[in-house]
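Values below: every heavy atom of this structure, side chains too, minus hydrogens, waters and symmetry copies.
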Amino acid sequence: MYTPKSIPIRMTRGLVLVAATAALSTPALLFSGCGDSSNDTASTQPLVIKISRPAPGVVEIIDGMNDIGAGQGVTSAPSWLDINWASIAQEGENLKFSIDVAGKLPDTMQPGFVAAESGFLLDLEKDGAPDWGIYAAFTKQGWSPGLYNKKTKERIADAQFPGTFTHDGTTLVFTIKSSVIGSPKSFKWFAYTDAGIVTDTNGTMANAGDRIGDQTVANDSSAWPEYP
């Protein structure tokens, strides 16, 4: 069994809490569906990330190393929760969303974990609130993709996911037709990882995860980067 490398938690911040799938319904996780958590608060600090646009329709962001945030009781977290970079690229009629992490993605649930999730939130209207969530949930059944419309509350997951999803090595890649989300020409976006971790023998739960930009939060797009 592969055991992921763990890294020490260097900071504590408002939790991401952005899970968007019924698979992550364990009450202790407090997952509220793509960024509805009242625990996540905005910051007035500047967004510290490295943004590049290497080609038309492509945006890539390099994230800081070892900047996983965690709840009380979490002292270390696996390196596959630490985002290296995330990108969005227009490829013909498709939008390609990629997240690369610092450690090899596991294929099976590790001891001490209940569930995890990685993905993107999109604010197409640029009105401060996310409109769509594109995510991969990691449970005992493995990785499975989903698409969540926050306006209508419609959720399209697993075999019904309207696109392709791969997870290979350290990279998760989602590809969907741009028309599925209204063919936006520009939008704000947020990339994240999040996991529920057991912190003691009593089964106490806390979250750990990373996001693009330590000052960004899931329920307020004011500090999110823009595409393209």
[X], [atom1]: over 12 other non-hydrogen atoms inside 6.0 angstrom:
| X | atom1 | value |
| --- | --- | --- |
| K151 | NZ | yes |
| D200 | CG | yes |
| K126 | NZ | yes |
| E226 | CD | yes |

Any heavy-atom pair between the side chains of [Y] and [X] that's under 4.5 Å?
| X | Y | value |
| --- | --- | --- |
| F113 | P106 | no |
| V198 | M205 | yes |
| L147 | P162 | yes |
| K150 | D131 | no |
| F190 | I212 | no |

Quick one: closest heavy-atom pair of [X] and [Y], and the distance?
| X | Y | value |
| --- | --- | --- |
| W85 | E60 | CE3-OE1, 4.3 Å |
| A89 | V58 | CB-CG2, 3.9 Å |
| T199 | A206 | CG2-CB, 3.8 Å |
| G57 | Y227 | O-OH, 2.8 Å |
| D123 | G128 | OD2-N, 3.1 Å |
| L81 | A208 | CD1-O, 3.9 Å |

As an exercise, state the distance from [atom1] of [X] to [atom2] of [Y], rounded to the nearest 0.5 Å.
| X | Y | atom1 | atom2 | value |
| --- | --- | --- | --- | --- |
| L121 | F187 | CG | CZ | 12.0 Å |
| I88 | K96 | CD1 | NZ | 12.5 Å |
| N207 | Q72 | CG | CD | 13.0 Å |
| S179 | N94 | OG | CG | 8.5 Å |
| W80 | I99 | CH2 | CD1 | 12.0 Å |
| L124 | W189 | CG | CH2 | 14.0 Å |

Quiz item: Parallel under 30°, tilted from 30 to 60°, perpendicular over 60°: which one fits the rings of W143 and H167?
Solution: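 The arrangement is tilted - the two ring planes meet at 30° to 60°.
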> Looking at Y192, does the NZ or CZ of R211 lie under 6.0 angstrom from its six-membered ring centre and within 45 degrees of the ring axis?
Replying inline: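 Judged by the rule (NZ or CZ under 6.0 Å from the ring centre, within 45° of its axis), R211 is not positioned above Y192.
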For the backbone of [Y] and the side chain of [X], can you confirm whether one donor and one acceptor N or O come within less than 3.5 Å of each other?
| X | Y | value |
| --- | --- | --- |
| D82 | I68 | no |
| D63 | N84 | no |
| S52 | P54 | no |

Do V180 and I134 share a hydrophobic cluster (ILVMFWY, side-chain heavy atoms under 4.5 Å, transitive)?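 Same cluster.
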| Are M109 and I197 co-members of a hydrophobic cluster defined by side-chain heavy atoms under 4.5 Å apart? |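 I197 clusters together with M109.
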With no hydrogens and no angle check, do the side chains of T170 and D100 hold a donor and an acceptor under 3.5 Å apart?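 D100 and T170 do have a side-chain donor-acceptor pair below 3.5 Å.
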request  = Using distance alone, with no hydrogens and no angle criterion, decide if S222 and D220 have a side-chain donor and acceptor under 3.5 Å apart.
outcome  =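 S222 vs D220: donor-acceptor pair found between side chains.
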side-chain contact (heavy atoms from CB on, under 4.5 Å) for S144 and F165? Distances and angles first, verdict last. CA-CA 8 Å; S144 59; F165 165 70; over 6 Å; no
Verify the ring-centre separation between F97 and W132: is it less than 6.0 angstrom?
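When the ring centroids of W132 and F97 are compared, they turn out to be at least 6.0 Å apart.
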message = Walk me through whether F138 and Q110 qualify under side-chain contact (heavy atoms from CB on, under 4.5 Å).
response = CA-CA 11 Å; F138 181 52; Q110 302 300 307; 5.8 Å; no
Test K188 against L122 for side-chain contact (heavy atoms from CB on, under 4.5 Å), laying out the working first.
CA-CA 6 Å; K188 289 193 168 187; L122 312 179; over 6 Å; no
